[in-house]
Amino acid sequence: MSTDYGFIVNDLLDWYDKNARELPWRNQSNPYFTWVSEIMLQQTRVEAVKGYFARFVKAFPTIKDLATADPDQLLKLWEGLGYYNRVRNMQKAAITVVEQYNGELPRDYHALLKLSGIGTYTAGAIASIAYQIPVPAVDGNVLRVIKRLTGSYDDITLPKVKKELEEDMLKIMPAKHSGDLNQALMDLGATICIPNGKPNCEQCPLNKKCKAFQKNLTDEIPVKSSKKKRTIEEKTIFLLECNGKYALHKRFDKGLLAGLWEFPNMNEALSIEKLESILSEHGIHEYELELLGPGKHIFSHVQWHMIGYRIHLPKHDFEWMEDLVWVTKDTIAKEYAIPTAFKAYTSQL
DNA sequence: AATTCGGGGTA
DNA sequence: TACCCAGAATT
C-alpha cells in the first residue's frame, strides 16, 4: 500500500527557502564535510555536534587525512560525543574510499550505502545534499512529520514502516532540490513538528493538510513501541596514583565504549575492608586509601552505579592488575580518550 | 525483529 | 523519571 506525498513538496521547498537553519556544515560544497556532519548527527543533537564538527574537519581536512589518522587520536576527537563505533566505521570507510574511489566520495547512492557506517538515511542525506541525487533521507524527523501529516498510527520503530516510507518518498523527490526537500523535512521536525512537548502547529506550512493537527492527535502520533528498561551494574573505580601519574586501562575493542581508556575497575561494589584484603593478598602493604564519592552514569541500555577509591602507591611494580599504563594528568587530557561515564572520577585527577 | 551501541537536553 | 535525538551494525 503506497501513498502519494507529492502534495507537500512545494510547500516544504517554499518554507525551507525562508526558514532553513544556518549550520556550519551547510552552504559549503565539500561532500566529505557533509559526510562528517551526517555521521556526527546520527542520534545526536545539532547543538552537541557543532563544536566537534569544527575541530574534526580542522584536524582531518580530507578523506585521505582521515584514512591515515591515528585511531587513538580519532577517538580523542570523538571523546564525549558517544557511539564511538561511528568514528571507527568512518575511518574504515575512508580507507575504502581512498583505495577504491581515489579518495573521492562516490556520487552514487548504492556505492555510498556499501560504505561502513552509512545506512539508508546517511546515504540518502549525502547523495541528496552533496550531489543533488533525487533520493530520500528518512530519519526520525521525517517519520514523525509524515505520520502526523497522514494521521497514521504505524509504529515508527518497525523497519518495515521506515522502508515503506523510503519507497514512497523516493517517488516524490524533485530532480534538482532533493537535498533541500530532505533538509526541509528535518528542519521542520526539529523546530516545528517537535518530538517532546507540544509541536508549533500554528507555524507549520503543512498544518492545513495535517491530519494529526486537525484531529488533535499530535500527542499520540507518532507511535513508538516501548523500549526495554535498563539494567543496573555496580562498579568500583580505582584512581591508582604513583609519582604524579595515574593508571589507565584500554577497554576491549568490541562492545560498550570499545577501545576507549578507563580507570582500572571491578564489576562489583567493593567495601574498604574487602579492598584492603585484596591488596594484602597481592602483597601490597604500603599505600594510602581515600574513599571517593559515588558516581552514576546512564547509557541507553544499562546504567552504572559506581564507588571509587584513590589509592596512593609508593611504587607501581605491583601485580594486581594487568595492562596498565601510567600517565600524567596533562597527558591524559591531551591524548587519552576517557568516556563521560567516568566524569565523577576524571574530575578528581 | 530485537538488541546493542553515548550522552545530553527537555518536560 | 522517561523520552528523544539528522541511525547503523550485529545478533
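Letters go in sequence order (proteins before strands), and every chain restarts at 1.
Within 4.0 Å of S37(A), counting heavy atoms only, lies no atom of the nucleic acid at all. No contact: G189(A) has no heavy atom under 4.0 Å from any strand. The residue D187(A) sits close to a base: some heavy atom pair falls under 4.0 Å. Within the 4.0 angstrom heavy-atom criterion, base atoms lie near T44(A). Heavy atoms of L23(A) sit under 4.0 angstrom from at least one base atom. Using a 4.0 Å heavy-atom cutoff across all strands shown, N85(A) reaches no nucleic acid atom at all. Heavy atoms of R88(A) sit nowhere under 4.0 angstrom from any nucleic acid atom. Across all strands shown, I118(A) has heavy atoms under 4.0 Å from sugar-phosphate atoms exclusively, and none from any base. Using a 4.0 Å heavy-atom cutoff across all strands shown, R230(A) reaches no nucleic acid atom at all. Using a 4.0 Å heavy-atom distance criterion, W25(A) is classed as a base contact. Residue-level contact check: K162(A) touches the backbone only, with heavy atoms under 4.0 Å from sugar-phosphate atoms and none from bases. Residue F299(A) is in sugar-phosphate contact alone, with no base atom involved, counting any heavy-atom pair closer than 4.0 Å across all strands shown.
The 5' end of DNA chain C is approached more closely, in terms of each residue's nearest nucleotide, by V46(A) than by the other of L113(A) and V46(A). Nearest-nucleotide positions on DNA chain B for A341(A) and G197(A) put A341(A) closer to the 5' end.
Using atom P as the reference point in both dG8(B) and dA8(C), the two lie 22 Å apart (nearest Å). On the C1' atoms, dA6(C) is 22 Å away from dT3(B), given to the nearest whole Å.
Of the charged side-chain nitrogens involved, none lies within less than 4.0 Å of a carboxylate oxygen, so that D253(A) and R88(A) do not count as a salt-bridged pair. Salt bridge annotation for D11(A)-K208(A): absent, with no cationic side-chain nitrogen under 4.0 angstrom from a carboxylate oxygen.
We find that CG of L256(A) is positioned 7 Å from C1' of dC5(B), with the value rounded to whole Å. Atom CG of D155(A) and atom C1' of dA2(B) are 12 Å apart (whole Å). Distance, L81(A) CG to dC5(B) P: 17 Å, rounded to whole Å. Atom-to-atom, OH of Y84(A) to C1' of dT4(B) comes out at 16 Å; the value is rounded to the nearest Å. Between E79(A) atom CD and dG7(B) atom P the separation is 9 Å, expressed in whole Å. Taking atom CG on L257(A) and atom P on dC5(B), their separation rounds to 9 Å, with Å as the unit. Atom CD1 of I298(A) and atom C1' of dG6(B) are 12 Å apart (whole Å). Remark: P of dG8(B) and NZ of K296(A) are 14 Å apart, rounded to the nearest angstrom.
Formation of a donor-acceptor pair under 3.5 Å by the R144(A) side chain with backbone atoms of C193(A) is found in this model. Counting only distance, with no hydrogens or angles, the side chain of N200(A) and the backbone of Q203(A) share no donor-acceptor pair below 3.5 Å. Looking at R86(A), its side chain never comes within 3.5 Å of a backbone N or O of G117(A) through a donor-acceptor pair.
OP1 and OP2 of dG6(B) both lie 4.0 Å or more from every side-chain N or O belonging to H297(A).
Between Y83(A) and W78(A), the gap from one ring centroid to the other reaches at least 6.0 Å.
L257(A) has its side chain out of reach of E262(A): every pair of non-hydrogen atoms, C-beta onward, lies at least 4.5 Å apart.
Closest to the H301(A) side chain, of the nucleotides dG6(B), dT4(B), dG7(B), is dT4(B).
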List the atom pairs, with distances to 0.1 Å, where a side-chain N or O of residues 126-138 of chain A and a protein N or O form a donor-acceptor pair under 3.5 Å, not counting sequence neighbours.
| unit_1 | atom_1 | unit_2 | atom_2 | d |
| --- | --- | --- | --- | --- |
| S128(A) | OG | G124(A) | O | 2.8 |
| S128(A) | OG | A125(A) | O | 3.3 |
| S128(A) | OG | N182(A) | ND2 | 2.9 |
| Y131(A) | OH | L105(A) | O | 2.7 |
| Q132(A) | NE2 | I129(A) | O | 3.2 |

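A donor-acceptor contact under 3.5 angstrom links the side-chain atoms of S300(A) to the base of dG6(B).
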**Asked** Would K163(A) and E166(A) satisfy salt bridge (charged side-chain N to carboxylate O under 4.0 Å, His left out), going step by step from the backbone distance to the final call?
**Response** CA-CA 5 Å; K163(A) 192 177 178 194; E166(A) 287 171 339; over 6 Å; no
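If you walk DNA chain C from 5' to 3' and mark each nucleotide with an atom closer than 4.0 Å to a heavy atom of chain A, the marks span dT1(C) to dA9(C).
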